[in-house]
Amino acid sequence: QQQVKQSPQSLIVQKGGISIINCAYENTAFDYFPWYQQFPGKGPALLIAIRPDVSEKKEGRFTISFNKSAKQFSLHIMDSQPGDSATYFCAARGLSGSARQLTFGSGTQLTVLP
Amino acid sequence: EPEVTQTPSHQVTQMGQEVILRCVPISNHLYFYWYRQILGQKVEFLVSFYNNEISEKSEIFDDQFSVERPDGSNFTLKIRSTKLEDSAMYFCASSVNFGDYGYTFGSGTRLTVV
């Protein structure tokens with residue numbers, strides 16, 4: 001029940017295209033859903049996050065869509081750039097019990113071709 | 001921008017040896033965490049630490065692991081007798097308070113057990 005399932009495992013997109021990464025969760029105690037971006041040799045860096053009281057959050061080219069009833073959320077990267085090439089992790093956490101710590105998805109390696 | 005600093009960046013150790021991984025969290029942060037990432041896999045929670053004691057720990061964090069805040073700035077993870085399967089990237093993170101969802105991760109220490 002603690003799992004966060006992420007897909008696809010890898011994604012190749014042309015420059016200017018839209019990158020879409022999907023995640024699904026089971027634990028209804030989760031109430032915070034961040035996305036992290038990780039470059040090789042670096043730690044995960046918080047990219048954007050959403051709470052379940054909204055269905056969408058946009059920051060620049062990055063948008064999270066959230067479907068509470070389906071327990072799914074996704075990251076959309078508009079106008080993808082080669083500099084966006086990185087590994088992206090979705091994550092989830094709640095405020096109580098075993099959900100208190102970040103549970104990460106398995107990651108998506110994004111490659112944006114020039 | 002404040003950073004979480006981890007040293008060393010890479011450590012190679014013989015199986016059975018003790019290792020200490022060091023972290024300097026952001027100065028006004030009160031909550032500290034260790035996560036690990038086995039190569040190619042997802043980031044996994046190990047332990048959280050607040051007010052000089054462990055708040056939560058995962059199943060991974062067995063008796064071979066310990067954490068300490070030996071002074072006002074450092075936060076360490078000790079592995080008493082390393083095993084081959086301890087080889088991973090270890091990330092330290094910190095946050096101002098537990099309700100602060102935006103963890104800041106360090107760049108990690110790559111531990112290689114041979």
Side-chain angles (χ1 to χ4, degrees), chain A residues 1-10 21 23-25 27 29-54 57 59 64 66 73 86-109, chain B residues 1-10 21 23-26 29 31-50 54-61 67 88-112:
Chain A
Q1 199 180 15
Q2 283 297 96
Q3 276 193 330
V4 177
K5 295 182 180 178
Q6 184 172 348
S7 63
Q9 188 173 6
S10 63
I21 305 170
C23 285
Y25 65 97
N27 191 341
F30 289 147
D31 72 343
Y32 172 72
F33 303 90
W35 284 89
Y36 286 85
Q37 180 188 55
Q38 185 181 31
F39 292 105
K42 297 293 184 184
L46 180 64
L47 187 63
I48 186 173
I50 197 168
R51 297 289 298 274
D53 51 348
V54 297
K57 182 173 181 180
E59 289 183 2
I64 300 179
F66 187 84
F73 58 111
T87 300
Y88 292 81
F89 291 94
C90 63
R93 70 176 282 194
L95 279 179
S96 61
S98 58
R100 280 156 56 97
Q101 305 305 331
L102 282 171
T103 298
F104 282 83
S106 53
T108 296
Q109 187 158 349
Chain B
E1 188 170 331
E3 290 184 340
V4 174
T5 306
Q6 288 187 245
T7 55
S9 57
H10 189 190
L21 310 183
C23 169
V24 178
I26 294 174
H29 286 190
Y31 287 80
F32 314 117
Y33 314 87
W34 284 100
Y35 283 76
R36 81 170 185 190
Q37 185 180 28
I38 294 172
L39 186 64
Q41 298 186 25
K42 64 181 178 181
V43 180
E44 299 174 292
F45 168 71
L46 291 179
V47 66
S48 62
F49 191 87
Y50 169 71
I54 291 174
S55 304
E56 308 230 7
K57 60 182 180 179
S58 71
E59 294 174 351
I60 303 167
F61 194 88
V67 289
M89 197 76 166
Y90 287 81
F91 293 106
C92 175
S94 67
S95 62
V96 175
N97 55 55
F98 188 75
D100 176 5
Y101 288 102
Y103 291 18
T104 302
F105 282 86
S107 294
T109 293
R110 178 170 297 285
L111 176 65
T112 303

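Reminder, nothing fancy here: chain letters follow the sequence lines and each chain counts from 1. This structure is a prediction, so every number in the text was calculated from the model and none was measured. We use all heavy atoms of the structure for the numbers below, so side chains are in, but hydrogens, waters and symmetry mates are not.
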Colleague: Given 3.5 Å as the limit, does a donor-acceptor pair link the side chain of B:Y35 with the main chain of A:L102, or not?
Modeller: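 Here the side-chain-to-backbone pair exists.
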Colleague: For A:Q109, is it the side chain, the backbone, both or neither that has a heavy atom under 4.5 Å from a heavy atom of chain B?
Modeller: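 Neither part; nothing is under 4.5 Å.
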Colleague: Which pair of heavy atoms, one from B:F105 and one from A:P44, lies closest together, and at what distance?
Modeller: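 Shortest heavy-atom separation between B:F105 and A:P44 comes out as CB-O, 3.3 Å.
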Colleague: To the closest 0.5 Å, what do you measure between OG (B:S58) and CD (A:Q101)?
Modeller: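 Rounded to the nearest 0.5 Å, the OG-CD separation comes to 9.0 Å.
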Colleague: Would you find more than 12 non-hydrogen atoms of other residues, nucleotides or ligands less than 6.0 Å from B:K42 atom NZ?
Modeller: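 Yes, NZ of B:K42 has more than 12 neighbouring heavy atoms, counting only those of other groups under 6.0 Å.
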Colleague: So, taking the atom named CD in A:Q38 and the one named CZ in B:F91, what distance separates them when rounded to the nearest 0.5 Å?
Modeller: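 A:Q38 atom CD to B:F91 atom CZ measures 4.5 Å (nearest 0.5 Å).
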Colleague: Would you indicate whether A:Q9, at its atom CD, is surrounded by more than 12 heavy atoms from other residues, nucleotides or ligands within a distance under 6.0 Å?
Modeller: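 Count not over threshold, so no.
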Colleague: Where do B:Y103 and A:R93 land on the side-chain contact (heavy atoms from CB on, under 4.5 Å) test, with the steps shown first?
Modeller: CA-CA 12 Å; B:Y103 291 18; A:R93 70 176 282 194; 2.9 Å; yes
Colleague: Heavy-atom pairs under 4.5 Å with chain A are the metric here; pick the option from B:Q37, B:M89, B:Q41 that has the most.
Modeller: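 Most pairs with chain A among the choices: B:Q37.
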